[in-house]
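Because only heavy atoms are used, hydrogens play no part in the values below, and waters and symmetry mates are left out as well, while side chains stay in. Numbers restart at 1 for each chain; the letters A, B, ... are given by sequence-line order, proteins then strands. These figures come from a predicted structure and were not determined experimentally.
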Amino acid sequence: MQVSMSVNGRQVSGDVEPRTLLVHFLREDLRLTGTHVGCETSYCGACTVEIDGKAVLSCTMLAVQAEGADVTTVEGLAQDGQLHPVQEGFWERHGLQCGFCTPGMIMSAVTLLQENDNPSEEEIRRGIEGNLCRCTGYHNIVRAVEYAGAKMRGEEPPPAEWEES
Amino acid sequence: MYPRQFEYVAPSGLDEALALLDDNPGAKVLAGGMSLLPLMKMRLLSPELVVDIGRIGGLGDITDNGDTISIGALVRHAEVASSSLIQAQGAALAAAASWTGDRQVRNRGTCCGSMAHADVAADQPVAALALGATMVAASSSGVREIAAADFFVDVMTSALAPNEILTEVRIPKAGAGAGSAYDKLGRRGGHSDYAVAGAAASVTRSNGSVSAASVAVTGVGVRPVLAGAVAEALVGSDGSDAAVEAAAAHAVAGVEVLEDLYGSVEYKIHLAKVFTARAVKAALAAAG
């Protein structure tokens, strides 16, 4: 079947089987391998992408269901060589260890901050409940999202916990 | 993990979708896909035809009908959870939707889909039961209304016929002095994930006593089920904590409680009573 959609601002199309999952269309047809395939059972969130402004699981969606949709993957966040504030936050606050969950975590955090530009720690933890980190590095992920939220609000991010205050 | 091959159709009208179901008895209806696609990926289900209703107009609305609220087939969990109308008039369902799956799942999955899937440990079906919801099923021969109490039949089995689509869940608005609530223990602790056990309650107070009550439990048996004995014990009582706890002792009366990976029979019975009491107390508090 023919499918076409916008991915990271670029109009793309392809010929897919109906059973082709969106994540495989992104990774194998478009070669956008930033989006990861983790558990494949809708639990881990590694495949999270943004579709029409919402965080969704690209492993639990058929590519044909995304016909006409506006898709953003982790590759679409940086602009003109400038990291997105959430990417910068993960860098600055050591929000990743092995990095496997990171693309999904980042997409989840980006959409969370679009919906709530000043989330509490509890709201951040709830907002990323659909993303599992196998390194269990949630603490610094929360700090990274706090950093990004502050940056996006035009505020000075809170100092890193390892910096002298 | 791919599903087996299937044919896919995304009709733009409900009549076309219903005709496809008539012509293809093994077809499955796809809305949000949060239950159907994992089943297909794990190859527990391999339909030859998938009818995607996601392109059909007019199914994505929450509508205020005066005395009732209609939730269309494409209304997502996140929309039910954040609807101020449902929060005010059917709080048990809004809470259940807010604790369904995780954020990504709530952005895609639908309230009607959760009902049709009829998982034994789901959140929203038990809220629909307690609220006295009506399920509206369409087929090529017309529209049929099914009381929530008659809708959940067995493990992952609803009263829907294979050629029917659940187009709407309709909940009555809370009247004067009425309130509802839902509470559960999630499999991942707190409210996260499916219910190990949970309960929804809808109550009405008048003249200092409980004048009407409806309570239902999830996660304990083969289907979400009304706890009639709890409601019976509540009605006419003063709604005090002692009265609620005495009533909640009947939470699983007449239910064959089954153990699963998440809890023994004894533990589930315990949880059902605890969450029945919590849901009833919260509903009474909301009723004023």
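- With a threshold of 4.5 angstrom between heavy atoms, A:E50 does not approach chain B through any atom at all.
- Shown here is B:E48, whose CD atom has no more than 12 heavy atoms of other residues, nucleotides or ligands within 6.0 Å.
- A heavy-atom distance below 4.5 Å is found between the side chains of B:M34 and A:T60.
- No other option in B:H191, B:M40, B:R188, B:K41 has as many heavy-atom pairs under 4.5 Å with chain A as B:K41.
- Top candidate by heavy-atom pairs under 4.5 Å with chain B, chosen from A:T20, A:T48, A:V64, A:V37, is A:V64.
- Heavy atoms closer than 4.5 Å to chain B are found in both the backbone and the side chain of A:E40.
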Would A:T41 and B:M1 count as a side-chain contact (heavy atoms from CB on, under 4.5 Å) if you check the C-alpha gap in whole Å, the side-chain angles of each, and the deciding distance to 0.1 Å?
-> CA-CA 9 Å; A:T41 51; B:M1 217 188 316; 4.0 Å; yes
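- Contacts of A:M1 with chain B are made by side-chain atoms alone, with heavy-atom separations under 4.5 Å and no backbone atom involved.
- Both the backbone and the side chain of A:S42 come within less than 4.5 Å of a heavy atom of chain B.
- Shown here is B:E7, whose CD atom has no more than 12 heavy atoms of other residues, nucleotides or ligands within 6.0 Å.
- Neither the backbone nor the side chain of A:I51 comes within less than 4.5 Å of any heavy atom of chain B.
- With a 4.5 Å cut-off on non-hydrogen atoms, B:R55 touches chain A through its side chain but not through its backbone.
- No donor-acceptor distance shorter than 3.5 angstrom exists from the side chain of A:R19 to the backbone of B:Y2, with no hydrogens or angles considered.
- Residue A:E122 places its CD atom among 12 or fewer non-hydrogen atoms of other residues, nucleotides or ligands, all under 6.0 Å distant.
- Applying a 4.5 Å heavy-atom cutoff, the residues of residues 90-108 of chain B that approach chain A are B:S98, B:W99, B:G101, B:D102, B:R103, B:Q104, B:V105, B:R106, B:N107, B:R108.
- Contact of B:L36 with chain A is not made at all, since no heavy-atom distance falls under 4.5 Å.
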May I have the step-by-step check of side-chain contact (heavy atoms from CB on, under 4.5 Å) for B:Y8 and A:Q65, ending in yes or no?
-> CA-CA 10 Å; B:Y8 170 90; A:Q65 285 180 284; 4.2 Å; yes
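- Surrounding CD of A:Q82 are at most 12 heavy atoms belonging to other residues, nucleotides or ligands under 6.0 Å away.
- For chain B, no part of A:C47 is nearby; none of its heavy atoms comes within less than 4.5 Å.
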